[in-house]
Amino acid sequence: MTPILTAESLSVSFTRYGRGLSRVELPGIRDLSLTADPGQVTAVVGSSGSGKSLLAHAVLGILPRNSRMEGTLLYDGAPLSPRRAAALRGREIVLVPQGAGCLDPMMQVGPQIRRGRRGPEVRTQCRQALERYGLGPETETLYPFQLSGGMARRVLIASAVMEGPRLVVADEPTPGLDARAAGRLLSHFRELADQGAGVLFITHDLELALTVAHKVVVLYAGQTVEEVPAEGFRTEKGLAHPYSQALWRAMPRNGFQVLPGLQPEGLDLPEGCAFAPRCPGRRPECGRGQIPYIETDGGRARCLFPGEVSVS
Amino acid sequence: MRHRLGFAGKKLIRMALLLLGTSLAAFLLMAASPLDPLQTNIGQAALGSMTREQVDRLEEYWGTDTPPMERYLGWLGSALKGDFGTSLLYRRPVMEVIGQRLGSSLWLLLTAWTLSGALGFVLGLAAGANRGRWPDKLVRGCCLVLSSAPVFWLALLLLMVFSVWLKVLPIGLAVPIGAEAASVTLAQRLRHALLPALALSISGIAGIALHTREKTADEMERDYILYARAMGERHILLRHVVRNVALPAITLQFASIGEIVGGSVLVEQVFSYPGLGQAAVSAGLGGDMPLLLGIAVVTAALVFGGNLTADLLYGAIDPRIRREAAKR
Ligand SMILES: Nc1ncnc2c1ncn2[C@@H]1O[C@H](COP(=O)(O)OP(=O)(O)O)[C@@H](O)[C@H]1O
Ligand SMILES: [Mg+2]
């Protein structure tokens, strides 16, 4: 089966003008590779600043003007040029954003999710989409400030499914929701995947991601460090990269052991493996050159010694 | 409903205090003025040749023989009863003079106000949506020049270009010289008001444009714009940004009535346009206390009315306030 989305060595950098005429290239994401299959929820997990939103924006073709994208992005097997992205977004490729803050505060829900399209069939579509998530027709006349957090998410997801998308990108759609509401929202994503769409579920919450994901992609400092079937996270042994293992150990049910140190950012990236300074099993080779993204059982990992370092 | 009444009551008390304060301030400034109404209106030489009784009668007419506080309280007493006295210079009831002057100023003010509001909004929107690129730089540059150029200087410049060099527009006044009031056509009035209105609008554009630019640039950074782009929406500027920027712009527009009225004093002076502003200048220089106080009160009421309209509109347009009020 062709993946619905493929990223190969994707990088996004920003140009900053310093003093005088000096220019600096700030890396946002680099060496990001992943695939997302139709009918599956692919979770992209990483801490804040690891490049999750940039990935979403790259897929939708809405990166800021001062950014530069390199590498390959394929949608349904064909290159996803900015032009193609512009034609597909809002229809085949949709975004489910964070919350009500992403809605125009001065516009009612109805016109907002119809996105400027008119006509009786659009109205029916809109009503059906709302109904699917338990929202009555009266929701259309509400303003965003009148929506509760949970209602806002349902409006946003209704807005996303209006035209039967094939790729749903959800960028941290759960903050601020209680566990039950978050669970319900996730089941909606799972349902979309069961109906055949590819879902890219972006979150910093690994535990939450594992409740729905078929596959987990771990980001660290703008790189993909591991891509693994969700079952890999059942035990520490299923994981190849020491950062994924650290994430596993930081989960409440596995003892809440938080790894000391911070993810490097921007220009502070170390030579060699970005995770090496915090890695419990680091060796001299880790501080040099490019670390390849190699095949592991069922996935890929960016580590010279995959699966070896596990220390408990 | 009770909430609404409370709001109206508070506003009324505020208005009364504002009008009282304005009239008192105008009175004190006038009373402290070094210009002696007798000397400015009758002349040093003529005064010198008059008898004591004649001078006494003049002093009584101009009110200079009464102690200031007594004079103000006297004015206030009649004003509260609706009698604003008689203009000393025009020898007609103050409200009649103001009514006539306001009539010719009003549409000068209205044109300038609408033009500067509309143009300023569009320019600000264009600049804010293109922050850092040439439309922004152009608009900002022009606004900086305009806002640092005094309005009377602008008026003189327009006068020189259009009336003196190009000779396409009249040099001043509200109607052709010597024409009878009844025979003046609307076209003639328009031609006479064009330059003053233009000068007045140009000076008002910068404020609105810069404010709108700032708001627009802020809105462009908001999450809902990014989301709209992500979902492939078109015409985002018109669909979302205008909607969100219009409210503060309208509020500013109504609150800017004071500036337009203030600017009109200078512009009318430069163009010898017989409006309220010019009357205010003559009243001030000529020691016409009743007229000056009348004008002060009327313009203060105008400005207050503008601000009040802004408040009310805010409540009527902003859904957050409107829906909350409907719930009560
Ligand atoms: N417009 C921008 N200009 C410069 N750097 C940016 C910009 N947007 C994001 N970045 C940088 O890219 C990195 C990844 O950002 P982001 O994708 O928003 O992270 P996440 O969503 O994972 O929290 C961050 O280090 C951030 O500082
Ligand atoms: Mg983010």
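Residue numbers start from 1 in every chain, and the chains themselves are labelled A, B, ... in the order their sequence lines are given, proteins ahead of strands.
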Minimum heavy-atom separation for A/I62 and B/A230, please, with both atom names.
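The answer is CD1-CB, 3.6 Å.
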Heavy-atom pair with the smallest gap, counting every atom of A/C102 and B/Y227:
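Nearest heavy atoms, A/C102 then B/Y227: O-CD2, 3.2 Å.
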Top contributor to chain A contacts, counting heavy-atom pairs under 4.5 Å, from B/E219, B/R243, B/E233
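Going by pairs under 4.5 Å, I would pick B/R243.
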Got more than 12 heavy atoms from elsewhere within 6.0 Å of CZ, A/R114?
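Yes, enclosed.
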Spacing of [X] atom [atom1] and [Y] atom [atom2] [to the nearest 0.5 Å]:
X      : Y      : atom1 : atom2 : answer
B/I321 : A/F145 : CD1   : CZ    : 9.5 Å
A/M106 : B/I317 : CE    : CD1   : 7.5 Å
A/Q112 : B/M231 : CD    : CE    : 11.0 Å
B/L226 : A/H57  : CG    : NE2   : 4.5 Å

Among A/V94, A/V59, A/L88, who wins on heavy-atom pairs under 4.5 Å with chain B?
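Ranked by contacts with chain B, first place is A/V94.
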Residue, of A/L60, A/D171, A/L95, A/I93, that accumulates the most heavy atom pairs under 4.5 Å with chain B:
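Of the options given, most contacts go to A/L95.
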Checking heavy atoms, do the side chain of [X], its backbone, both or neither come under 4.5 Å from chain B?
X      : value
A/L156 : both
A/P105 : both
A/Q108 : side chain

State, yes or no, whether a side-chain contact exists between A/Q146 and B/R320 at a heavy-atom distance under 4.5 Å.
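In short, these two side chains do not touch, never coming nearer than 4.5 Å.
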Can you find a pair of side-chain heavy atoms, one from A/L103 and one from B/Y224, that are under 4.5 Å apart?
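No, too far: nothing below the 4.5 Å cut-off.
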Please step through side-chain contact (heavy atoms from CB on, under 4.5 Å) for the pair B/R133 and A/R65, ending with a clear verdict.
CA-CA 12 Å; B/R133 277 171 289 158; A/R65 213 182 295 274; 3.2 Å; yes
Between A/R115 (side chain) and B/G232 (backbone), is there a donor-acceptor pair under 3.5 Å?
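Such a contact is absent between A/R115 side chain and B/G232 backbone.
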